[in-house]
Amino acid sequence: MASRKAHHASGVAAGVLAALLVVRAGAGGPFQLWAIVALFAGAWGGTAPDWLEVAWWRSRGQRGAQRLWIKHRTLTHWGVPWVLLLCGSYISLGSAWWAPAAFGFAAGGVMHLLADWPNPMGVPWLFRRHSLAMWTSGSFEVLIIVLSWAACALLADGMLFGGQHTGNMFRALSTLI
Ligand SMILES: [Zn+2]
């Protein structure tokens with residue numbers, strides 16, 4: 001797995017994106033409080049697939065696999081429920097009070113799976129585990145963090161400003177070449 005730190009950093013990126021979308025959907029509530037909740041939920045959701053499988057109620061003396069009640073990278077890393085939660089909470093924005101928090105949490109969770117995807121163990125998106133097999137666990141942490149922020153910035157620009165800033169950036173870059 002990518003380290004906790006990398007998951008945290010990419011979860012925050014997902015949280016920022018979720019918060020922006022909550023604001024856009026007009027579901028921010030008083031002082032955009034729900035948007036802020038979505039941001040924190042994103043950071044929390046970014047590490048969720050890893051801590052949800054830990055049996056915190058078992059003795060602290062046990063380590064590794066013994067402390068897990070769900071086999072590592074199985075149920076909590078399954079793509080279907082995370083994506084369903086993401087879609088369900090998105091369409092509920094503005095009508096259900098829990099939607100912004102759930103949306104941020106799901107955005108963080110999906111981001112977690114994306115960050116785990118390239119390493120050899122892979123992620124069970126649908127039925128079978130799939131890996132992009134690009135690198136070993138724990139390497140390219142910085143790349144994961146940078147990519148996650150870049151992806152969220154692109155998505156935010158595309159969804160909120162019609163890709164205006166991205167277009168400008170590419171035009172500026174092309175003048176350099
Ligand atoms: Zn993981």
Side-chain angles (χ1 to χ4, degrees), residues 1-22 35-90 92-93 98-156 159:
M1 65 175 153
S3 81
R4 218 180 161 78
K5 216 167 57 190
H7 280 315
H8 224 101
S10 51
V12 173
V16 170
L17 178 63
L20 287 171
L21 294 177
V22 168
I36 297 165
V37 168
L39 200 166
F40 280 101
W44 200 43
T47 51
D50 285 343
W51 56 252
L52 280 173
E53 62 192 13
V54 174
W56 46 266
W57 57 89
R58 280 190 202 155
S59 94
R60 287 184 180 275
Q62 292 178 332
R63 296 205 137 250
Q66 287 176 317
R67 282 211 70 200
L68 301 181
W69 65 295
I70 296 171
K71 204 165 170 296
H72 184 50
R73 290 252 188 109
T74 53
L75 208 57
T76 62
H77 283 68
W78 188 24
V80 175
W82 283 110
V83 172
L84 282 180
L85 182 67
L86 189 71
C87 298
S89 54
Y90 182 68
S92 306
L93 284 179
W98 50 265
F103 182 58
F105 190 69
V110 170
M111 181 59 93
H112 181 109
L113 302 197
L114 288 173
D116 273 353
W117 197 10
N119 82 51
M121 202 173 166
V123 166
W125 283 107
L126 279 172
F127 299 108
R128 280 211 279 160
R129 203 171 272 292
H130 183 260
S131 167
L132 294 176
M134 286 159 74
W135 51 67
T136 52
S137 255
S139 49
F140 296 97
E141 301 267 273
V142 179
L143 189 66
I144 288 178
I145 297 172
V146 170
L147 277 179
S148 64
W149 279 90
C152 287
L154 281 180
L155 273 173
M159 296 179 86

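We count ligands from 1, going down the list as the structure has it; atoms in each ligand are counted the same way.
Distances from the Zn ion (ligand 1) to the N/O/S atoms of Asp116 are shortest for OD2.
Between NE2 of His77 and OD1 of Asp50, the angle at the Zn ion (ligand 1) works out to 80°, rounded to 10 degrees.
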Go through the steps to decide whether Met121 and Asp116 satisfy the test side-chain contact (heavy atoms from CB on, under 4.5 Å), and finish with yes or no. CA-CA 8 Å; Met121 202 173 166; Asp116 273 353; over 6 Å; no

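Among the backbone and side-chain atoms of His112, an N/O/S atom is found under 2.8 Å from the Zn ion (ligand 1). The nearest N, O or S atom of His7 is not closer to the Zn ion (ligand 1) than 2.8 Å.
For the pair Ser89/Trp98, a side-chain contact is recorded, criterion being any heavy-atom separation below 4.5 Å from C-beta on.
The side-chain contact (heavy atoms from CB on, under 4.5 Å) test with Trp78 singles out one residue from Thr74, Val80, Thr76, and that residue is Val80.
A donor and an acceptor atom, one from each side chain of His112 and His77, are located under 3.5 Å apart.
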